[in-house]
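Contents: one structure, followed by commentary.
Here is how names work: the chains are called A, B, and so on, in the same order as the sequence lines, proteins then strands, and each is numbered from 1. What you see below is based on every heavy atom in this structure, not just the backbone, and it leaves out hydrogens, waters and symmetry mates. Everything quoted here is computed from the prediction, not taken from an experiment.
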Number of protein chains: 2
Amino acid sequence: MDEHGEGRAIDKVADLGRDIGEYIKQQRNTAKISLRQLARLAGVSNPYLSQIERGLRKPSAEILQQIAKGLRISAEALYVQAGILDLPAGGPVTDAVRADHDLTERQKQVLLDIYESFRRENSATRPAAAPSTVEAEPRSEHDDAADQR
Amino acid sequence: MDEHGEGRAIDKVADLGRDIGEYIKQQRNTAKISLRQLARLAGVSNPYLSQIERGLRKPSAEILQQIAKGLRISAEALYVQAGILDLPAGGPVTDAVRADHDLTERQKQVLLDIYESFRRENSATRPAAAPSTVEAEPRSEHDDAADQR
DNA sequence: CCCGAGTGCTAGCAGTTGCAAGCACAGTGC
DNA sequence: GCACTGTGCTTGCAACTGCTAGCACTCGGG
């Protein structure tokens, strides 16, 4: 991490750690499940999940993936909170370009940069879409039954 | 990783490690830059980048982000290769661009023209290894100077 | 020949990640 | 009271990540 200023980077990392931890805790509370229940559903150890929620540890993307699965939210939502994925530019154009097998990665990036620049031109004051919390559907018995169909 | 069969999971993890490593190496070769140059651009140590490319180490998402920056491709492309992000299920680029309400018609056309031009380039120059002329733009001093403007 | 600059890699190490074992506490039923 | 089940957390440790110092090699110039 030589690129980072020593003091501010540490503060930033700590903040990011707390951000994803608090977000996970918030999602878990919203889902009304205990830390141990989530840990079991996610397939991670409960002490580790506890440490993550309190910002003491910084989980890998794989662990975030597992936690997302346990919470039944998208891994991407956690990645965004963890700062390893940008807010989705959103929309069919971005997805289509990314999925196009006829383009190289570099070409995709060039196209999307131009696309974004056009959008900025057209709507300079449009606010960015906020991360969604709609995935925090409460976990109930009824939900489990629906899950099995 | 208790959810996974022991033998197959190990094989799968190893494959994934080699996948992202080979992918990075391929992108680097396509960009015609040395391992050390990419390491410098990415802000990671060159021995570590070497180990990553050879599948000996499994980089974190943060490191992948840095490597993507050095390669000038999206971090998401690397995440997909690393198996921590799913391929977006997108529709055709043309349809998506045409349907995008954030763009003027002119902008749509410009984007689609560039898109088609890229595809043409790729069809004309595509051998089995699929290099791109855009991506294969040599990374020179001149480029660096242009980069800073 | 030597030297310098470049190449990719080896080896050892500090710090971090994720875990298992265990603790203290709360609530419930006998 | 006790035993049980559940809660979140502490601690120590093995494995891993990412680094630095250094190596061997190639190439070009003097």
Side-chain angles (χ1 to χ4, degrees), chain A residues 1-4 6 9-10 12-14 16-18 20-22 24-29 31-71 78-79 82-84 139, chain B residues 1-4 6 9-10 13-14 16-18 20-22 24-29 31-70 78-79 82-84 138-141 144:
Chain A
M1 302 289 186
D2 295 337
E3 299 182 25
H4 303 277
E6 189 99 344
I10 290 173
K12 188 182 178 190
V13 169
L16 286 175
R18 189 166 292 279
I20 183 61
E22 295 205 354
I24 287 169
K25 187 166 187 179
Q26 173 195 327
Q27 297 298 319
R28 177 169 67 79
N29 287 336
K32 293 185 165 58
I33 57 175
S34 71
L35 184 144
R36 287 195 183 214
Q37 285 169 346
L38 176 55
R40 201 184 56 246
L41 291 168
V44 305
S45 72
N46 73 74
Y48 190 54
L49 180 58
S50 173
Q51 290 170 328
I52 292 165
E53 287 192 352
R54 288 171 293 132
L56 300 184
R57 296 289 167 90
K58 178 167 164 300
S60 66
E62 283 78 16
I63 294 292
L64 289 178
Q65 232 176 3
Q66 288 176 240
I67 292 170
K69 186 200 70 187
L71 285 169
L78 293 188
Y79 295 165
I84 62 174
R139 182 73 56 89
Chain B
M1 303 290 184
D2 294 336
E3 299 182 26
H4 304 278
E6 187 100 341
I10 291 174
V13 170
L16 286 174
R18 189 167 293 279
I20 183 61
E22 294 205 353
I24 288 168
K25 187 167 186 177
Q26 172 196 327
Q27 296 296 322
R28 177 170 66 82
N29 287 336
K32 292 189 163 58
I33 56 174
S34 70
L35 183 145
R36 286 195 183 214
Q37 285 169 346
L38 175 56
R40 201 183 57 245
L41 290 168
V44 304
S45 72
N46 73 74
Y48 190 53
L49 180 58
S50 172
Q51 289 171 328
I52 292 165
E53 287 193 353
R54 288 172 293 131
L56 300 183
R57 295 292 168 92
K58 176 166 166 302
S60 65
E62 283 79 15
I63 294 290
L64 289 178
Q65 236 178 356
Q66 288 174 241
I67 292 169
K69 186 199 71 186
L78 292 189
Y79 294 163
I84 61 176
R139 187 69 61 87
S140 65
E141 294 297 331
D144 288 341

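Between B/Ile84 and A/Ala61 the shortest heavy-atom distance is CD1-CB, 3.6 Å. Of all the heavy atoms in A/Pro59 and A/Leu64, the pair that sits closest is CG-CD2, 3.7 Å. Across all non-hydrogen atoms, the minimal contact from A/Leu78 to A/Ile24 is CD2-CG1, 4.0 Å.
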Please report the C-alpha distance between B/Gln37 and B/Arg40 in whole Å, then the side-chain angles of each, then the deciding distance to 0.1 Å, and finally whether the side-chain contact (heavy atoms from CB on, under 4.5 Å) criterion is met. CA-CA 5 Å; B/Gln37 285 169 346; B/Arg40 201 183 57 245; 4.3 Å; yes
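Atom C1' of nucleotide D/dT7 and atom NZ of A/Lys32 are separated by 18 Å, given to the nearest angstrom. Taking atom CG of residue A/Asn29 and atom P of nucleotide D/dT7, one finds them 13 Å apart after rounding to whole Å. B/Ile52 has its CD1 atom 10 Å from the P atom of D/dT17, to the nearest Å. Regarding B/Lys58, its NZ atom lies at a distance of 18 Å from the P atom of C/dT16, rounded to whole Å. For the pair A/Ile67 CD1 and C/dT17 P, the computed distance is 13 Å after rounding to whole Å. Between B/Leu38 atom CG and C/dG6 atom P there is a gap of 17 Å when expressed in whole angstrom units. Look at CD on A/Glu62: it is 13 Å from P on D/dC16, rounded to the nearest Å.
Residues A/Leu41 and A/Lys69 are not in side-chain contact: their nearest non-hydrogen atoms beyond the backbone lie 4.5 Å or more apart.
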Got a list of side-chain donor-acceptor pairs under 3.5 Å for residues 42-52 of chain A, not counting sequence neighbours?
unit_1: A/Ser45; atom_1: OG; unit_2: A/Tyr48; atom_2: N; d: 3.2
unit_1: A/Ser50; atom_1: OG; unit_2: A/Arg54; atom_2: NE; d: 3.1
unit_1: A/Ser50; atom_1: OG; unit_2: A/Arg54; atom_2: NH2; d: 2.9

Expected rows: protein N/O vs nucleotides 8-13 of chain D N/O, under 3.5 Å:
unit_1: D/dG8; atom_1: OP1; unit_2: A/Arg28; atom_2: NH1; d: 3.3
unit_1: D/dG8; atom_1: OP1; unit_2: A/Leu35; atom_2: N; d: 3.2
unit_1: D/dG8; atom_1: OP2; unit_2: A/Leu35; atom_2: N; d: 2.8
unit_1: D/dG8; atom_1: OP2; unit_2: A/Arg36; atom_2: N; d: 3.2
unit_1: D/dG8; atom_1: N7; unit_2: A/Arg36; atom_2: NE; d: 3.0
unit_1: D/dG8; atom_1: N7; unit_2: A/Arg36; atom_2: NH2; d: 3.0
unit_1: D/dG8; atom_1: O6; unit_2: A/Arg36; atom_2: NH2; d: 2.0
unit_1: D/dC9; atom_1: OP2; unit_2: A/Ser50; atom_2: OG; d: 2.4
unit_1: D/dC9; atom_1: O5'; unit_2: A/Ser50; atom_2: OG; d: 3.4
unit_1: D/dC9; atom_1: N4; unit_2: A/Asn46; atom_2: OD1; d: 2.6
unit_1: D/dT10; atom_1: OP2; unit_2: A/Arg54; atom_2: NH1; d: 2.6
unit_1: D/dT10; atom_1: OP2; unit_2: A/Arg54; atom_2: NH2; d: 3.4

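Residue A/Ile63 is in sugar-phosphate contact alone, with no base atom involved, counting any heavy-atom pair closer than 4.0 Å across all strands shown.
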